[in-house]
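Shown next, in C-alpha cells, is the structure this report addresses.
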Amino acid sequence: MASNEGSLDADGTLSDETELARAIEENEAELAELLQLLTVAEELAADLTPELRETVRENREPIRELRMAFEREETLVLLQKVGEESDTLIELLDILAVSKELSDDLVPELQVAIRENREIIERVRLALESEETIILLEKLGDNTDTLAEMLDLLDATHELAMDLTPELRDVAQDNRNVIRDLRMAAAGFADAHEDADVDMYELGRNAGNMIALVETMGDPQFTSVVDASIEGLTQEDPEPVGLIGLTKALFDADVRRALGRLLAAARALGSTSLKESDRRER
C-alpha cells in the first residue's frame, strides 16, 4: 500500500507524521479557535505592553517597598506562623463569621432596648458620674487589700457557718425546751415592762447599785460586822438591862464603838435619802 495514510513502519505502527496529520484533521475546529485566541492575545499584549511598562515605571518605588516588606524577616515569620496555625485561623474566621451574623441579628434588638430604656440609662449614667460614686470608687481602690481580706474572711465565715449549721441544728433540737422557757421569760419580762412602765435607765442604775451592794456585802469587814451582830441578836436569854445598866454600858469601849457605827449609819442613811429626794424633785 503506497498511501501515506495507510503506511506502516516495520514494527506495524503508524508513523509520527501520519498520527500528527490525523490529529490535526480531527481537531481542526479547535485548532482554528486556538489560533484565533492566540492572535487576539498577541494583539492585546501588544496594546497593553506600553501601558504595563508605564505602570511599572510609575509604581516602581511602591513595588520596591512592597517587595522589601515581603522580604523582611518579620513578614516571613508571620507568614510561617499563619501557615502553621492555618487550622486555628480557619476556626477563628468561622467564629468571626458566626459572631458577625449574631451581631447582625442582635443589633436591631439592642437598638430597640436602648430606645426603650433611654431614661433608665441616663439616670444610671448620672448616678455613676456623681461625686459620691467617684469617691466610693476611689476609696475602694485605696482599700483593695482590706476588701480582699474581708472577702476572704467572708468566704471562711460562710464555710464555717455551713459546717456549723448541722451542729447548731442539733443543739437547738436538744435544747428546745430551754429555748422555749427563755423565750417565755423574755415575753414575761416584756409584758411586765409594758405594765409597770419601767424606766430602762433607772433599771440599769438599780442593777449597778445592786452589784455594788453585793460587792460591799462581800467585804470581809462587812461580813464580820454582820456575823457579830447576828451572834449578839441570837444569844439565848440575854441579861436584862435597865437604865443603870445602860449607863454602865456606855463606859464600855465596845458598846461606844457600836453606837458610833449605828450613828454613822443613821447619818449616811439620812444624807442618802435627802439626795434621792432632791434628785426626784429635779
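The structure displayed is predicted, hence computed values, not measured ones.
Within 6.0 Å of CD in E51 there are 12 or fewer heavy atoms belonging to other residues, nucleotides or ligands. Heavy atoms from other residues, nucleotides or ligands lying under 6.0 Å from CD of E42 number 12 at most. More than 12 heavy-atom neighbours from other residues, nucleotides or ligands sit within 6.0 angstrom of CD on E74. Counting non-hydrogen atoms of neighbouring residues, nucleotides and ligands closer than 6.0 angstrom, the CD atom of E73 reaches no more than 12 such neighbours. Surrounding CD of E119 are at most 12 heavy atoms belonging to other residues, nucleotides or ligands under 6.0 Å away. Within 6.0 Å of atom CD in Q36, 12 or fewer heavy atoms from other residues, nucleotides or ligands are found, so the atom counts as exposed in its surroundings.
The CZ atom of R115 sits 11.5 Å away from atom CD1 of I121, with the distance rounded to the nearest 0.5 Å. Annotation: the span from I63 atom CD1 to T55 atom OG1 amounts to 8.5 Å, rounded to 0.5 Å. Interatomic distance, CG of L147 versus NZ of K139, reported as 14.0 Å (0.5 Å rounding). Separating the CG atom in L44 from the OG1 atom in T49 is a distance of 9.0 Å, to the nearest 0.5 Å. How far CG of N143 is from CE of M150: 10.0 Å, rounded to the nearest 0.5 Å. How far CG of L153 is from OG1 of T146: 12.0 Å, rounded to the nearest 0.5 Å.
Using a 4.5 Å heavy-atom cutoff, the side chains of L137 and I134 are not in contact. Here the side chains of L106 and L102 are in contact, with some heavy-atom distance below 4.5 Å. Counting heavy atoms from C-beta on, the side chains of S99 and I95 come closer than 4.5 Å. A heavy-atom distance below 4.5 Å is found between the side chains of R169 and T165. A heavy-atom distance below 4.5 Å is found between the side chains of R123 and I120. The shortest distance between side-chain heavy atoms of E28 and I24 does not fall below 4.5 Å.
Shortest non-hydrogen contact noted between E26 and E30 is O-OE1, 4.5 Å. P166 and D163 make their closest contact through CD-O, 3.4 Å (heavy atoms, listed as atom of the first residue, atom of the second, distance). Here the closest non-hydrogen pair linking L89 and V82 is CD2-CG1, 3.8 Å.
Under the 4.5 Å side-chain heavy-atom criterion for Ile, Leu, Val, Met, Phe, Trp and Tyr, L160 and L168 are members of the same hydrophobic cluster. Under a hydrophobic clustering in which Ile, Leu, Val, Met, Phe, Trp and Tyr are joined whenever their side-chain heavy atoms come within less than 4.5 Å, directly or via other members, L78 and L93 fall into the same cluster.
Note on E84 versus K81: no salt bridge recorded, every NZ/NE/NH1/NH2 to OD/OE distance being 4.0 Å or above. Taking a cutoff of 4.0 Å between a charged side-chain nitrogen and a carboxylate oxygen, E25 and R22 do not qualify as a salt bridge.
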